[in-house]
Amino acid sequence: MRYLTVALAKGRLADFSIEVFGNIGLDVASMREKTRKLIFTDEKNKLKFMLVKASDVPTYVEYGAADMGIVGKDTILEEGKNLYEVLDLKFGACKMCVCGYAEQPLPSGFIKVATKYPNIAREYFSAKKNQTIEVIKLSGSVELAPLCGLSEVIVDIVESGKTLKENGLAVLEEICGLSARLVVNRVSLKMEKRRIMDIVGKTKEILLNDNHH
Ligand code: PRP
């Protein structure tokens, strides 16, 4: 039996992902140890887990270097790769929003929008609202942009709302809800259907039980 490879987004979602896989009986003990290793093996179930940067998960899965992956819907929308999204894992729930100063309503003309998600921002403003914008791509601490006049607004993830509040900003418009998703490579889903659907099925069960308690 060949190894099935699972790409997990490093960071916030990693701990949840490890917990879910542990709960369905996979051997994730080595992943719980704090090391700098990037590949972990579950010999019994012939699985390999890889910790990759969140924005790279869709790439590994699209090319089949990973058979499946766990990644946020934000990354799936932004990367626009060709993959099967088979399950909403519900954890990591947050929203993609347009944010700025509450006292300044969203201008309807040309504006600058700072974001880590240029494709999502362009799709929302250009395609949905028919508004011309200039996207300014940043890599983090996006809330700074309106504070120093780099942009009028930002498109960013809001979870608790704490970052916005502590920087005097507010949600102006909600773009969409987000959460972690299980994604699968198109060929893998055909070739390894039984093993993959077994993992999907068990994960679904765990999620249902969690919601009932
Ligand atoms: C994310 C996001 C917001 C913040 C939202 O940033 O970009 O800044 O979390 O969370 P909150 O609503 O609970 O405050 P992240 O911490 O990933 O860091 P970054 O600034 O490097 O993007």
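For the numbers below, each heavy atom of this structure counts, side chains included, while hydrogens, waters and symmetry mates do not. Note that ligands are numbered from 1 as they come in the structure, with each ligand's atoms numbered from 1 the same way.
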Student: For atom 12 (O) of ligand 1, what is the closest protein heavy atom, and at what distance to 0.1 Å?
Tutor: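 Protein heavy atom at minimum distance: G161 N, 2.7 Å.
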Student: Short question: side chain of N185, backbone of M68 - any donor-acceptor pair under 3.5 Å?
Tutor: no
Student: Among all protein non-hydrogen atoms, which one is nearest to atom 21 (O) of ligand 1, and what is the separation to 0.1 Å?
Tutor: G140 CA, 3.6 Å
Student: Among all protein non-hydrogen atoms, which one is nearest to atom 14 (O) of ligand 1, and what is the separation to 0.1 Å?
Tutor: T163 OG1, 2.4 Å
Student: Write out the residue and atom name of the closest protein heavy atom to atom 18 (O) of ligand 1, then the distance separating them to 0.1 Å.
Tutor: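 The closest one turns out to be K116 NZ, 4.3 Å.
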Student: So, applying salt bridge (charged side-chain N to carboxylate O under 4.0 Å, His left out) with K73, which one of E79, E85, E78 is it?
Tutor: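 Only match with K73 under salt bridge (charged side-chain N to carboxylate O under 4.0 Å, His left out): E85.
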Student: S30 and R32: side-chain donor and acceptor closer than 3.5 Å?
Tutor: no
Student: With the threshold set at under 4.0 angstrom, would you say I157 reaches ligand 1 through any of its heavy atoms?
Tutor: yes
Student: Number the atoms of ligand 1 from 1 as they appear, then name those within less than 4.0 Å of a heavy atom of E143, with their elements.
Tutor: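 Those qualifying, in numeric order: 3 (C), 8 (O).
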Student: Given F91, which of D15, I70, D210 fulfils the side chain to side chain contact (heavy atoms under 4.5 Å, CB included) condition?
Tutor: I70
Student: Considering non-hydrogen atoms only, spot the tightest contact between V158 and C99 and give its length.
Tutor: CG2-SG, 3.9 Å
Student: Under a 4.0 Å threshold between the charged nitrogen and the carboxylate oxygen, would D198 count as salt-bridged to R194?
Tutor: no
Student: Hey, which atoms in ligand 1 end up nearer than 4.0 Å to a heavy atom of S160?
Tutor: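 Once the distances to S160 are compared, the set is 11 (P), 12 (O), 13 (O), 14 (O).
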Student: With hydrophobic residues grouped by side-chain heavy-atom distances under 4.5 Å, do L182 and V71 end up in a single group?
Tutor: no
Student: Please report which non-hydrogen protein atom sits nearest to atom 20 (O) of ligand 1, along with the residue it belongs to and the distance in Å to one decimal place.
Tutor: S141 N, 2.8 Å
Student: Identify the protein heavy atom lying closest to atom 16 (O) of ligand 1, giving its residue, its atom name and the separation to 0.1 Å.
Tutor: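 Of every protein heavy atom, R12 NH2, 2.6 Å lies nearest to atom 16 (O) of ligand 1.
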